[in-house]
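First comes the structure, then the notes that go with it.
What's counted below: heavy atoms across the whole structure, side chains too, no hydrogens, waters or symmetry copies.
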Amino acid sequence: MGHGAVMGGPQTVPFDVAVIGGGITGASAANHLAAAGFSTVLLERADFAGGTSSRSSRLQHCGLTYFSPGRSIWNFLRNPRMAIEHMELARRAMRDRSGFVRATPARARAIGFYMPLYRREGIPLWKARLGFALLRALDPGGVPLDFKPMSAREIAAMPALSHLRDRQDLSGVIRFTEYQFDWPERICVDTVLNARDLGAVTRNYTEVTSVRRQPDGRWRLELLDRRTQARETLEARAVVNAAGAWVDGIAAASGLPVPKINQGLKGTNVVVRLPPEFRGIAIETALPNGDPFYVIPWRDLHYFGPRDEPHEPEAAGFRADEATIRGLLDDFNSVFPDIALSRQDVLYSWAGVRPRTARAGHPDGCEAVLLHDMAQHGAPGYFVYTGGLIMTHRHAGASIAKALSGRMAPSGPARAISHAARQFPQAAGAGFSTGGEAIPLDHLRFSAAHEQVVNLDDLMFRRFPIGWSEGMGLDVAEAVAEGVSDVMGWSPAEVGAQVRRYRAQVAQDFGVGEPCT
């Protein structure tokens with residue numbers, strides 16, 4: 001109970017496909033591959049959605065950012081390759097936006113975004129109209145963008161907009177609707193469980209230590225169970241490396257003759273409580289250097305950012321450093337100078353290393369989203385996915401399954417795929433608050449028993465959003481651990497160890513509380 005799925009003894013029949021990486025791209029790949037009839041195993045070295053998938057901007061972007069800011073029409077004309085790539089990325093974003101919102105409304109929240117337009121910089125109204133017209137044309141009949149230029153009277157009636165910088169240079173404000181994932185970790189877990197329902201073997205806390213091609217053409221994967229330290233092996237006809245920013249490290253550790261194809265990009269966000277007039281609204285603008293800057297509601301709070309920098313996928317990449325936090329505060333105060341946030345206003349912060357496709361001349365990587373067939377590099381049957389995004393994860397999973405279907409036959413019949421949000425049994429009784437939302441203890445216990453929970457943080461951050469509350473769940477961590485202890489088989493000493501582990505992780509990764517020793 002509470003442990004991840006296991007193979008159940010020596011494996012004699014190879015899987016069709018082994019998917020490495022239990023983030024959102026790997027989860028979607030496993031779901032689509034299993035639906036296509038491939039016998040599939042999904043392998044994740046930590047918990048599902050425990051890495052980059054939990055450190056995103058949490059937005060189902062409409063794709064406007066692929067046109068601007070910082071990208072002029074002239075730049076597109078001078079670089080047709082970039083124009084084609086960005087048009088395809090915007091098309092994919094719009095269509096996946098509509099598909100996700102319509103198929104899984106329980107996991108999406110509509111947010112009103114406001115974008116200020118300045119006379120001497122940024123985006124003039126005609127360009128904004130053109131950009132939104134292009135987006136509508138890329139997804140005819142899709143979920144509406146609700147694009148609307150605001151009148152001077154409407155702008156004056158919104159107190160939050162009165163805090164904007166350089167009001168005298170403001171030529172207007174446009175409003176449109178974006179959707180926020182509520183919450184991305186749960187979307188990933190739902191996808192893993194849907195794949196499991198289709199027959200996929202799904203294993204968290206299982207590290208792939210080696211991937212090697214055998215003389216018969218099969219791939220042999222050596223595994224380390226990080227809970228028991230037991231070592232295992234399995235074989236697969238094909239491997240999909242969807243480990244995000246770690247894809248190159250897995251290939252290098254295995255000695256595979258494949259090129260480096262990922263460039264990690266660290267993004268950082270900061271969480272604060274803003275004045276009441278900001279409640280529920282988001283601001284999108286550009287900084288003086290052309291970088292986008294977002295202020296996004298998160299229940300009663302807001303987060304803002306990101307600040308991006310090239311970074312390897314090491315532990316430091318998943319922590320916000322002090323210089324970046326202060327830089328983000330400077331960015332915020334340049335947009336809203338009369339609010340004047342200080343370091344003491346930061347409730348918590350998060351950072352993550354996003355996977356980007358490496359390309360010569362692009363130190364930050366490029367935005368291309370690609371499935372690489374490594375047959376041309378002497379590794380037939382080995383595929384690597386780069387540039388994966390949570391907002392287009394279903395397209396990623398479908399494209400991976402389609403590519404493999406064109407190269408090998410599945411061993412089983414195709415079945416209908418599910419993108420449904422998982423439902424919990426009806427529950428009654430006491431629960432735990434996450435900032436306005438109560439989570440019944442019965443739901444926590446059900447998850448502990450059925451959703452491959454191993455540690456307390458799996459439950460607090462990725463099965464439920466308790467950890468993303470203002471206090472990051474520190475006030476209820478012990479009660480939650482005690483409430484599921486019998487389901488998880490934790491003794492009183494193990495409950496204490498889980499709580500200390502949780503507190504140490506929150507302090508280390510989010511800058512809240514003191515690290516435990």
Original post:
To the nearest 0.5 Å, how far apart are CZ in Arg501 and CG in Asp457?
Top reply: 4.5 Å

Original post:
Between atom CD1 of Ile261 and atom NE2 of His377, what is the distance when rounded to the nearest 0.5 Å?
Top reply: 8.0 Å

Original post:
Once you round to the nearest 0.5 Å, how far does CZ of Phe48 lie from CD of Glu185?
Top reply: 14.5 Å

Original post:
Which residue pairs pass the salt bridge (Lys or Arg N to Asp or Glu O under 4.0 Å) test when at least one of the two sits in residues 369-385, sequence neighbours left out?
Top reply: Asp373-Arg407

Original post:
Do His395 and His32 have their ring centres less than 6.0 Å from each other?
Top reply: no

Original post:
Checking Thr392 side chain against Ala93 main chain: does a donor-acceptor pair fall under 3.5 Å?
Top reply: no

Subject >> Whether Thr25 side chain and Ala242 backbone form a donor-acceptor pair below 3.5 Å >> reply: no

Original post:
Taking only residues at least two apart or on different chains, which pairs with a member in residues 89-99 satisfy salt bridge (Lys or Arg N to Asp or Glu O under 4.0 Å)?
Top reply: Glu88-Arg91, Glu88-Arg92

Subject >> With sequence neighbours excluded, residues passing side chain to side chain contact (heavy atoms under 4.5 Å, CB included) with Asp475 >> reply: none

Original post:
Is the side chain of Arg354 donor-acceptor paired with the backbone N or O of Thr52 at a distance under 3.5 Å, no angle test?
Top reply: no

Subject >> Whether Thr206 side chain and Asn204 backbone form a donor-acceptor pair below 3.5 Å >> reply: yes

**OP:** Measure the spacing between CG of Leu224 and CD of Gln229 and express it to the nearest 0.5 Å.
**Re:** 5.0 Å

**OP:** Using the salt bridge (Lys or Arg N to Asp or Glu O under 4.0 Å) rule, collect all pairs that involve residues 412-425, keeping only residues at least two apart or in two chains.
**Re:** Asp197-Arg422

Subject >> Member of Arg196, Gln452, Glu44 meeting the side chain to side chain donor-acceptor pair (under 3.5 Å) criterion with Thr202 >> reply: Gln452

Subject >> Those residues that, when tested against Arg326, pass salt bridge (Lys or Arg N to Asp or Glu O under 4.0 Å) (two or more places apart) >> reply: Glu322

Original post:
Which is it for Phe15 and Val201 under the side chain to side chain contact (heavy atoms under 4.5 Å, CB included) test, yes or no, and what are the steps along the way?
Top reply: CA-CA 10 Å; Phe15 289 97; Val201 175; 3.9 Å; yes

Original post:
In chain order, what residues pass the salt bridge (Lys or Arg N to Asp or Glu O under 4.0 Å) check against Asp364, with sequence neighbours excluded?
Top reply: none

Original post:
When rounded to the nearest 0.5 angstrom, what distance separates CD in Glu367 from OH in Tyr66?
Top reply: 6.0 Å

**OP:** Say whether, by atom type as modelled, one donor and one acceptor occur between the side chain of Ser57 and the main chain of Pro306 under 3.5 angstrom.
**Re:** no

Original post:
According to the salt bridge (Lys or Arg N to Asp or Glu O under 4.0 Å) rule, which pairs have a member within residues 19-43, sequence neighbours left out?
Top reply: none

Subject >> side chain to side chain contact (heavy atoms under 4.5 Å, CB included) between Arg343 and Val346, intermediate numbers included >> reply: CA-CA 6 Å; Arg343 183 64 178 85; Val346 175; 3.5 Å; yes

**OP:** May I ask you to decide whether Asp509 forms a salt bridge with Arg55, counting only side-chain N to carboxylate O separations under 4.0 Å?
**Re:** yes

**OP:** Please answer whether the main-chain N or O of Ile250 pairs with a side-chain N or O of Ser254 as donor and acceptor at a distance below 3.5 Å.
**Re:** yes

Original post:
Counting only heavy atoms not in Lys402, do more than 12 fall under 6.0 Å of its NZ?
Top reply: no

Original post:
Centres of the Trp246 and Phe318 rings: under 6.0 Å?
Top reply: yes

Subject >> Polar side-chain atom of Gln498 near backbone of Leu456 as donor-acceptor pair, under 3.5 Å >> reply: yes

Original post:
Which residues satisfy the salt bridge (Lys or Arg N to Asp or Glu O under 4.0 Å) test with Asp345, sequence neighbours excluded?
Top reply: none

**OP:** Report the distance from atom CZ of Phe304 to atom CG of Leu329, rounding to the nearest 0.5 Å.
**Re:** 5.0 Å

Original post:
On the ring face of Trp350, is Arg58 found with NZ or CZ under 6.0 Å from the centre and within 45° of the axis?
Top reply: yes

Subject >> Worked verdict on Val353 versus Glu312 for side chain to side chain contact (heavy atoms under 4.5 Å, CB included) >> reply: CA-CA 7 Å; Val353 180; Glu312 293 300 313; over 6 Å; no

Subject >> Listed partners of Gln180 passing side chain to side chain donor-acceptor pair (under 3.5 Å), at least two apart >> reply: Arg109, Tyr303

Original post:
Who pairs with His443 by ring-ring contact (aromatic ring centres under 6.0 Å, His included), at least two apart in sequence or on another chain?
Top reply: Phe424

Subject >> Within-4.5 Å side-chain heavy-atom neighbours: Ile400 and Val19 >> reply: no

**OP:** Could you pull out all residues at least two apart from His61 that satisfy ring-ring contact (aromatic ring centres under 6.0 Å, His included)?
**Re:** Tyr294

Original post:
Should Asp486 and Arg445 be marked as a salt bridge (Lys or Arg N to Asp or Glu O under 4.0 Å) after you check the CA-CA gap, both sets of side-chain angles, and the distance that decides it?
Top reply: CA-CA 9 Å; Asp486 59 324; Arg445 292 173 59 81; 2.7 Å; yes

**OP:** For the pair Asn194 (side chain) and Ile417 (backbone), establish whether a donor and an acceptor sit closer than 3.5 Å, ignoring hydrogens and angles.
**Re:** no

Original post:
Heavy-atom distance under 4.5 Å between the side chains of Leu234 and Arg203, does that happen here?
Top reply: no

Side-chain polar contacts of residues 186-193 - donor-acceptor pairs under 3.5 angstrom, sequence neighbours left out - could you list them?
from, atom 1, to, atom 2, distance (Å)
Arg186, NE, Asp190, OD1, 2.8
Arg186, NH1, Glu451, OE1, 2.9
Arg186, NH1, Arg463, O, 3.1
Arg186, NH2, Asp190, OD1, 3.1
Arg186, NH2, Glu451, OE1, 3.4
Arg186, NH2, Glu451, OE2, 2.8
Asp190, OD2, Arg107, NE, 2.9
Asp190, OD2, Arg107, NH2, 3.1
Thr191, OG1, Ile187, O, 2.8

